[in-house]
Amino acid sequence: MSVLVTGGAGYIGSHMVLELLDAGERVVVLDNLSTGFRWAVAPQATLIEGDFGDAALVGDLLSRFEVDAIIHFAAKIVVPESVADPLGYYENNTAKARNLLAQAVQAGVPHFIFSSTAAVYGEPKVSPVNEDAPKDPINPYGRSKLMVEWMLADVAAAHKLTYTALRYFNVAGADPQGRTGQSTPNATHLIKVAVQAALGKRRGMEVFGTDYPTPDGSCLRDYIHVTDLVRAHMDALRRLRAGGGNITCNVGYGRGYSVLEVIDTVKRVSGVDFEVRRSGRRAGDPASIVASNDRIRRELCWTPRHDDLEEIVRQALEWERGLEKRLAG
Ligand code: UFG
């Protein structure tokens, strides 16, 4: 029996692979290495270079490795890019996920864990937002993921497959043991960008919008440590294998930090006062989005262990410091 991790050479996927291996699982990674790295995949896992939309390849892997669970990370994840290239997002995140699901059904894979997103809520009317709130995504990224949630519900109703959809809030930080981290060049995510500015890898940074209806005018987000996020998948896997039914859960800490607060934290932790330019709003950004995590605590028995913005930032900084050497091989 093994677990197939799509996107296992990427940021979150590479943390997942370590967590699974630490738990004694057999792991197969399927990654086209478009944004992931071969070296990010722990050597005890089997890495197959290829596309999760490739039906023949996936069908072969599922039976050859006797896969009993698919954890599906591979996706395009940049909100403004989805606004500029919606068809690319619908192709990669939605159409190819349909193909992956079709292979899962055909091979009789019993369990599926899906990386969904807080972006399915759009601009929630209530904060913290719970899973039953209206789903009204305001960008193609959020819609591309919400459609997969719908497909999963329909597929699970028609076939013998149970699933967990996890709606991630803002994932950040790096493996506390320093084994992997956010390595993608040209990353656009706030903590990564701020850490690069602190280390002089870019000349300062911009705050996208300071006129939002929030306490300091910048956007509020719920930043969650990547290790706590992958542990939620372990909890989901355990529950599905024990016969738990289909479920969709937020994964966040339930409190928001503004962009300006995050930047201050990066400055404080790094000791570097880098330049911050205030600029206009970025396309597709909701003002504020914070998770209610009651359901995941209750149903998956998930408990945060790294709910500390300074720790998240410190580990992101440590990883970024050593990254050039890793990228050079
Ligand atoms: N931001 C800046 N300057 C930067 C980068 C980001 O001001 O250089 C701001 C953004 O405008 C936004 C906030 O920081 O207000 C967070 O932006 P990120 O790009 O880090 O993250 P997003 O909130 O856009 O997206 C993330 C995930 C999605 C997820 C979403 C849920 O990437 O997968 O959170 O809200 F859906």
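First listed ligand is number 1; within each ligand, the first listed atom is number 1. This chain uses plain numbering: 1 for the first residue, then up along the sequence. These numbers come from the heavy atoms of this one structure, side chains and all, not from hydrogens, waters or symmetry mates.
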- request: Heavy-atom distances under 4.0 Å are what count here, so tell me which part of Ile191 touches ligand 1: side chain, backbone, both or neither.
  value: neither
field: Asn293 side chain vs Ile296 backbone, donor-acceptor pair below 3.5 Å
entry: no
query: Considering residues at least two apart in sequence or located in another chain, which fulfil the side chain to side chain contact (heavy atoms under 4.5 Å, CB included) criterion with Arg202?
result: Val193, Gln196, Ala197
- prompt: Got Leu57 and Phe52 here, is their nearest side-chain heavy-atom distance under 4.5 Å?
  reply: no
message: With a sphere of 6.0 Å drawn around CZ of Arg278, does it hold more than 12 non-hydrogen atoms of other residues, nucleotides or ligands?
response: no
message: Does the Lys NZ or Arg CZ of Arg221 fall within the cation-pi geometry relative to Tyr257 - under 6.0 Å from the ring centre and within 45° of the axis?
response: no
- prompt: Which atoms of ligand 1 sit under 4.0 Å from any heavy atom of Glu206?
  reply: 2 (C), 3 (N), 4 (C), 7 (O), 8 (O)
task: Please assess Glu131 against Arg167 for the test salt bridge (Lys or Arg N to Asp or Glu O under 4.0 Å), listing each intermediate value before the final yes or no.
output: CA-CA 9 Å; Glu131 291 84 353; Arg167 293 183 182 146; over 6 Å; no
message: Looking only at protein heavy atoms, which one is nearest to atom 13 (C) of ligand 1, and what is the separation?
response: Val259 CG2, 3.8 Å
message: On a heavy-atom basis, I'd like to know which of Pro124, Ala197, Cys219 is closest to atom 15 (O) of ligand 1.
response: Cys219
query: Hey, is CD on Gln106 packed in by over 12 heavy atoms from elsewhere, all under 6.0 Å?
result: no
task: Would you mind finding which of Thr188, Val193, Val262 brings a heavy atom closest to atom 5 (C) of ligand 1?
output: Thr188
- prompt: How does Tyr223 reach ligand 1, by side chain, by backbone, by both or by neither, if only non-hydrogen atoms under 4.0 Å count?
  reply: side chain
query: Does Ile289 approach ligand 1 within less than 4.0 angstrom via side chain, backbone, both or neither, non-hydrogen atoms only?
result: side chain
task: Between Val171, Ile12, Asn170, flag the one that comes closest to atom 22 (P) of ligand 1 by a heavy atom.
output: Asn170
message: Below 4.0 Å, non-hydrogen atoms only: which portion of Arg221 touches ligand 1? Side chain, backbone, both or neither.
response: side chain
field: Closest protein heavy atom (residue, atom, distance) for atom 27 (C) of ligand 1
entry: His189 NE2, 3.9 Å
task: Cation-pi check, Lys76 to Tyr141: give yes when NZ or CZ is under 6.0 Å from the six-membered ring centre and within 45° of the ring axis, no otherwise.
output: no
message: Among Tyr141, Tyr168, Tyr212, which one puts a heavy atom closest to atom 33 (O) of ligand 1?
response: Tyr141
query: Can you tell which part of Arg282 has a heavy atom less than 4.0 Å from ligand 1: side chain, backbone, both or neither?
result: side chain
